[in-house]
Structures are given as C-alpha cells and as structure tokens.
Amino acid sequence: MSESSGSAVPSLTAASRTAERPTTGPVTEAFRPRSSSRSMQTTRRMARGLCAFDRLIPRLDLDPGPHDPAREAISRRTPRGGAPMPELPDKATEFIDWYLAVVEAADLTDKRYPVKGLNVWTPYGMAARRHFDRVLVREIEATGSRAVEFPTLIPETEFAKEKEHIKGFDAQVYWVTKGGATDLDTKLVLRPTSETAMYPIFALWVRSHRDLPLNVYQIVNVFRYETKTTRPFLRDREIHFFEEHTCQANEEHATERVRSNRAAFAKMAHAFALPYLAIRRPEWDKFPGAYYSIGLDVPMGEARTLQIGTVHHYRENFSRPYGIQFEDADGSQRFVHQTTFGISGRLLGAVVAFHGDQRGAVFPTELAPYEVVVIPIPSADSGDAPDGLAGEVADRLVRHGRRVRLDRGEERPGAKYYHWELAGAPLRLEVGRREAEQRTVHAVDRLGRKESLPIEGLERRVDERLAEFDRALSERARGAFQEAFSVALRLDNLAGSTKVRVVSWCGREECGHRIEQAIDGSLLGTPEDPLPFATPEIGPCIACGTIEGARWAIAARPL
RNA sequence: GGGACUGUGGGGUAGCUUGGUCCAUCCUUCGGGGUUCGGGACUCCGAGACGCCAGUUCAAAUCUGGCCAGUCCCA
C-alpha cells in the first residue's frame with residue numbers, strides 16, 4: 001500500500017487523523033483480528049485503500065511524544081529501519097475490534113477453529129482459566145459447597161418437565177438425535193445449563209430435612225446455540241461454566257443462600273479487581289423458571305453492560321415438577337426451595353475487556369498466567385552476569401511460590417517488554433549490567449510504575465509490589481466504574497449517551513418496555529444495593545410520570 | 001428465519017472491475033547462520049498461499065454454478 005493511494009480518497013476521519021500526525025517515517029497498519037478481517041475486506045475494496053490509509057500511524061506514536069527527550073534519545077540510538085509492529089485498534093472508539101485484537105495478540109484464544117462459537121483454549125488462555133477456576137472454587141467451597149459433575153447429555157423427557165424453562169431454552173439447544181447410524185428413541189440435548197440433569201437425581205438424594213441444605217457446584221462446559229454473533233469468551237456456543245445448585249428447606253433459607261452467593265461473588269470479583277452491580281431482573285427478563293433473578297453486571301463503555309453472573313431463587317418451581325421433596329421434622333412432606341448461582345467464562349473476557357488498555361491485556365495477580373516475568377538484558381561488556389542474576393531471581397521467586405517466567409528468548413529486551421505488556425503480566429523484573437553490579441532488579445508493573453528493588457529480601461518486596469499493583473488496579477477500575485453511569489431524567493435523552501443510564505421507574509412492565517425502546521437496549525432491573533455513586537432524590541417514573549412506586553433502575557445496551 | 005458480502009502462505013495485504021504481463025508481490029511469521037541486546041535490531045540463506053468440487057476457455061486467483069467456512073445487516 002502507499003500513501004498516495006489513500007490520499008486519493010480522503011474522508012473526514014482520515015483527514016482529521018492525519019492532520020494531527022506526521023506522515024513521514026515508518027508506517028504501520030493496525031492489528032486486525034482474524035475474525036473481522038474478512039468483513040473488513042468489503043469496505044477496504046470499496047474504499048480502495050481508504051481504510052488502510054486511515055490506519056497509517058507513525059510508529060513513534062506509541063511513545064509519549066516528541067517532547068520527551070529521553071524517548072527521543074532512545075529512538076535516535078535504536079535502529080529504526082525495521083518493519084513497524086501493528087497497533088491495537090483504539091479501545092475507546094473501536095471497542096470490539098480492540099477486544100478481538102487483544103485476546104488474539106495476547107494469545108488467549110485461537111479463533112481459527114472452523115466451527116462458529118467454539119473456542120480454542122491456548123496454553124496461555126488455559127492457564128488464566130485455571131487460575132480463574134481456582135478463585136471460584138476457593139470462594140464457593142468456603143461457603144460449604146461441594147463439587148459434583150453431572151452428564152453433558154440430558155434426555156428430552158427430563159428437559160421438558162419445567163414448562164417455562166423449556167420454553168426459554170428451546171431455541172438454543174443442540175440436539176443429539178443419533179447414536180452411530182441409529183436414530184435415538186429419546187433425543188438428547190447438550191446441556192445449556194444443568195437443572196434438568198441434576199434435579200431428577202436430587203429427588204433421589206433428598207429424603208429428609210437432614211439431607212438439607214444440599215449445596216453442590218460443578219465447573220463444566222455447556223452449550224447454547226447462539227444465533228447472534230459470537231465472541232471469544234464473551235459469547236461462545238460452548239461455554240465454560242460454573243453453576244451451583246442448592247436445595248433448601250424453605251424460602252427463607254433459599255433467600256439466605258442467595259445472600260451467601262452474593263457475598264461469595266463479591267470476593268471473587270475482588271480477586272479480579274472488577275466492580276459490578278447486582279441488579280434484580282424485571283419479571284420479563286428473569287431466568288426461565290425462576291421466581292426471581294439477580295444479574296451481576298459490569299459496565300463496558302458505550303452504554304453497554306456485560307452480565308458476568310447470575311443468582312436465582314427458584315422457590316418450588318423446579319422441585320415440584322422434579323419431585324424433590326423431603327420429610328420435615330414434623331413428619332410432613334415438603335418441596336425444597338432451590339437456588340442457583342452461575343458464572344460463565346465470559347467473566348474472564350470481562351476482566352480482559354475492562355482492565356485492558358492501549359497496550360493490551362492487564363491481568364490482576366490472581367488471574368495472571370505469570371505473575372512475574374524476569375527479563376535478562378545481556379550486553380557485550382557484562383558477560384553472563386545479568387543472565388546469572390536473572391536466573392537466581394527467578395529461582396528464588398519460584399521457591400517462594402510465585403508463578404514466574406524467565407524470558408531468555410532471543411528477542412531484544414524491548415520486544416519482550418511489548419510482548420509481556422500485551423499479555424498482561426502484572427510485574428516485570430529487568431536485570432542488566434547495572435542491576436548485576438548493584439545486586440538489584442528494575443521492577444516495572446503493568447500500570448507503568450518503576451522501582452529498583454534490592455535482591456536481599458526480594459520475595460517480600462515482590463509480594464508487596466504485586467499487592468500494590470492489585471490495589472492500584474482496583475482503584476483504577478473503581479474510577480472507570482463510577483464514570484460509566486449517569487442519571488437520565490427524561491425518556492427522550494436516554495439514547496445517544498455513552499453512559500449506562502440510571503432512571504426512575506415505577507415498576508410497571510409497560511413503562512419498562514418504553515424505557516427499553518428509548519435506549520434501544522434493556523432495562524436490567526433494580527439494583528439490590530444502594531448505588532455506589534451519588535444520585536439525586538428519586539423523581540417520577542420517566543416513562544409515565546407516576547411518583548408512586550418509583551425506584552432507581554438501570555438501563556443499558558447489554559453486550 | 002430473510003438478505004448482503006467475503007474466502008490468496010501461520011498472520012495482514014496487493015492482484016479480481018477489463019481472464020494471459022502472476023511458476024503470483026510486499027510486510028510479518030517460521031527454520032538456519034552471523035553481528036547485536038537498557039523500549040518493537042540488522043543482515044545473509046531458506047520455508048510457506050489463490051477454501052473445496054465442477055463448469056466456461058487455447059488460457060482462471062480473476063468469469064459461472066454448487067458446497068464448505070466466515071462476517072455484517074434485518075427479523
């Protein structure tokens with residue numbers, strides 16, 4: 001491509017961008033995710049290089065700018081004749097492209113699997129997932145839940161027992177209809193969730209009030225035939241899924257379990273440095289078969305939200321059709337009250353999407369495949385000293401229990417920095433001639449903060465440094481979270497905002513739908529907790545003007 | 001479910017309108033050698049692609065049809 005081919009077809013975007021950027025020097029093209037590249041081609045062909053030109057960005061643009069003398073010095077010193085590396089799309093204006101670029105470039109997924117919506121978990125992505133699971137297991141088991149695993153296939157006869165449930169999932173289940181060449185007498189569904197697999201068995205397990213509560217969870221894959229566009233982690237057809245199912249003696253105990261699940265989720269979210277809102281879904285949007293549903297939502301920018309978890313209270317809605325009853329202390333037969341708690345692998349995507357920045361992914365320490373990356377910086381005049389010290393540092397931290405990657409690759413140090421920033425490693429330790437002489441390491445965290453650490457007591461200093469990183473990451477996330485909401489007082493200014501809207505709603509379905517129409521999205525429901533930001537006094541419902549029953553509700557465009 | 005569009009080495013692209021100038025170009029990637037190494041190194045050698053199947057034609061990446069895969073839009 002050439003610059004002239006692009007400038008022959010100017011556009012406002014191209015013109016405004018190039019106006020603020022020098023057009024000389026090495027140029028590069030934005031990294032494009034594999035998935036959208038095909039669709040981009042139509043546009044590109046039509047525009048004859050326009051789009052490509054739009055992406056011609058001088059390489060030094062990555063740096064703080066020409067006013068930084070240190071950077072200038074570096075760029076003068078460093079040979080710059082080479083091919084420039086791709087840029088990430090702008091997170092603020094091209095969120096989806098940015099996200100797809102990050103999850104691929106950070107090597108969390110390989111999207112080339114030839115079936116829509118099925119995700120390949122790469123070694124790096126899988127490592128993050130295992131740490132993710134570890135946090136979920138730790139927190140749910142702390143509340144007295146035990147692991148089980150039920151089969152992937154569910155007979156149609158069981159699947160159809162709860163009417164609302166089957167209605168809600170009918171359109172998105174995969175059917176298994178054949179075994180070899182034989183048509184199956186009873187068709188099987190690939191579980192989209194496991195109520196209907198578990199509950200016939202729960203009916204056998206629960207006989208007495210002494211069997212209660214029954215709190216079990218499993219981490220398995222579920223399948224949902226998504227008709228919408230799929231995105232790695234955020235919307236897959238094969239979903240990595242955590243689900244807890246419980247049976248309680250009565251409604252109050254079930255309500256208490258919901259509370260307990262929410263508390264456990266708060267701890268999980270804390271580990272991921274992820275702020276969220278617990279929102280009770282409106283009647284028309286609750287889980288099929290539930291008495292009520294609480295969604296756990298994270299704002300993702302552009303007025304969008306991502307549901308990263310759910311807690312449901314089923315009352316007796318499932319225990320009756322599935323016959324889960326017990327003999328109470330007084331000798332009477334009662335149906336159990338049930339709850340479920342679900343978290344999908346999209347939470348992992350949410351972490352990448354929420355914390356990531358223009359340099360790539362940012363993992364909180366708990367999730368990072370490598371918490372610490374050690375990079376030796378060899379040079380002609382320092383011999384093996386840096387490499388030796390780097391090895392010593394890595395050894396010590398591994399013995400200390402840290403997940404460490406000693407990067408002895410052939411790339412130059414700078415290339416490694418970029419790579420590990422893209423991959424989201426929380427802490428980088430650089431060891432060169434200076435450090436070898438002084439017995440120190442140069443520590444740089446993923447938020448760009450630098451510090452020299454002495455080798456003596458390094459383990460403790462690294463622990464502190466990582467804790468401080470997580471704290472700062474949480475703080476940054478809280479700031480972004482609070483910025484993501486704004487109150488809307490009128491129906492006609494709901495649309496067009498980049499904020500998730502906080503509105504007054506009388507609670508009636510008719511008004512709810514009017515609000516949804518106005519924002520071209522969903523009314524997520526009413527927050528379970530006081531909003532974590534200032535709101536004015538509640539006014540009349542923005543749809544009908546009634547003050548009676550008005551409460552704050554959240555309206556957004558779910559991702 | 002309806003419609004539109006797109007498939008070129010591991011990745012990104014050019015070429016397609018108007019078939020031949022293309023045993024397909026450039027960047028990146030990968031393997032090997034050398035010089036390097038404090039923010040995306042250089043250099044030399046090498047590897048690697050027209051989604052699949054038919055058709056039209058003297059000749060197909062290019063035109064036609066079917067299939068497969070993908071993307072977007074609408075319901």
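We name chains A, B, ... by the order of the sequence lines, and we start the count at 1 in each one. Atom set for the values below is all heavy atoms of this structure, side chains included, hydrogens, waters and symmetry mates excluded.
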Legend entry - Pairing partner of B:rG31 (Watson-Crick or G-U wobble, both distances under 3.5 Å): B:rC45
Legend entry - Assigned partner base of B:rA14, Watson-Crick or wobble definition, under 3.5 Å: none
Legend entry - Check: B:rG39 base within 3.5 Å donor-acceptor of A:Arg428 side chain: yes
Legend entry - Spacing between A:Glu410 atom CD and B:rU43 atom C1', to the nearest angstrom: 15 Å
Legend entry - Residues forming a salt bridge (charged side-chain N to carboxylate O under 4.0 Å, His left out) with A:Glu468, sequence neighbours excluded: A:Arg449, A:Arg471
Legend entry - Aromatic stack A:Tyr417/B:rG39: centroid gap under 5.5 Å, interplanar angle under 30°: no
Legend entry - Presence of donor-acceptor pair under 3.5 Å, side chain of A:Glu421 and base of B:rG40: no
Legend entry - Euclidean distance, atom CZ of residue A:Arg112 to atom C1' of B:rU29 [Å, nearest integer]: 11 Å
Legend entry - Distance-only side-chain donor-acceptor flag, A:Arg281 / A:Gln307, under 3.5 Å: yes
Check the interface with nucleotides 47-52 of chain B: list each N/O to N/O pair with the protein under 3.5 Å, or write none.
none

Inset, instruction - Find the distance A:Asp107:CG to B:rG10:C1' and express it as a whole number of Å. - result: 12 Å
Inset, instruction - Please say whether more than 12 non-hydrogen atoms of neighbouring residues, nucleotides or ligands are located less than 6.0 Å from NZ in A:Lys163. - result: no
Legend entry - Selection from B:rC72, B:rU71, B:rG38 that lies nearest to any side-chain heavy atom of A:Thr229: B:rC72
Legend entry - Separation of B:rG70 C1' from A:Leu118 CG (nearest whole Å): 14 Å
Inset, instruction - Using both distances under 3.5 Å as the test, list the Watson-Crick or G-U wobble partner of B:rG40, or none. - result: none
Legend entry - Partners passing salt bridge (charged side-chain N to carboxylate O under 4.0 Å, His left out) against A:Glu366 (at least two apart in sequence or in another chain): A:Arg134, A:Arg138
Inset, instruction - Tell me which residues in residues 372-389 of chain A put a heavy atom below 4.0 Å from RNA chain B, sorted by number, or none. - result: A:Ile377, A:Pro378, A:Ala380
Legend entry - Residue list, salt bridge (charged side-chain N to carboxylate O under 4.0 Å, His left out) with A:Glu411, at least two apart or on another chain: none
Inset, instruction - Would you tell me if any nitrogen or oxygen in the side chain of A:Lys416 comes within less than 4.0 Å of OP1 or OP2 on B:rC37? - result: no
Legend entry - A:Asp297 and A:Thr305 side chains, donor-acceptor separation under 3.5 Å: no
Legend entry - Rounded distance in Å - CD (A:Glu226) to C1' (B:rU71): 17 Å
Legend entry - Counterpart base for B:rC68, defined by Watson-Crick or G-U wobble contacts under 3.5 Å: B:rG7
Legend entry - Exercise: do A:Arg403 and A:His131 side chains pair donor with acceptor under 3.5 Å: yes
Legend entry - Complementary nucleotide for B:rG20 - Watson-Crick or wobble, under 3.5 Å: B:rC58
Inset, instruction - Please determine, for the side chain of A:Val444, which listed nucleotide (B:rG40, B:rU36, B:rG39) has the closest atom? - result: B:rG39
Inset, instruction - Mind calculating the distance between OH (A:Tyr418) and P (B:rG39) to the nearest angstrom? - result: 9 Å
Inset, instruction - Please name all residues satisfying side-chain hydrogen bond (donor to acceptor under 3.5 Å, both in side chains) with A:Trp121, sequence neighbours left out, ordered by chain then number. - result: none
Inset, instruction - Could you check which nucleotide pairs with B:rG1 in any of the strands shown, counting Watson-Crick or G-U wobble with both distances under 3.5 Å? - result: B:rC74
Inset, instruction - Please determine if a side-chain N or O atom of A:Arg412 lies less than 4.0 Å away from the OP1 or OP2 oxygen of B:rG38. - result: yes
Legend entry - Length of the CD1-P vector between A:Ile96 and B:rC73, whole Å: 11 Å
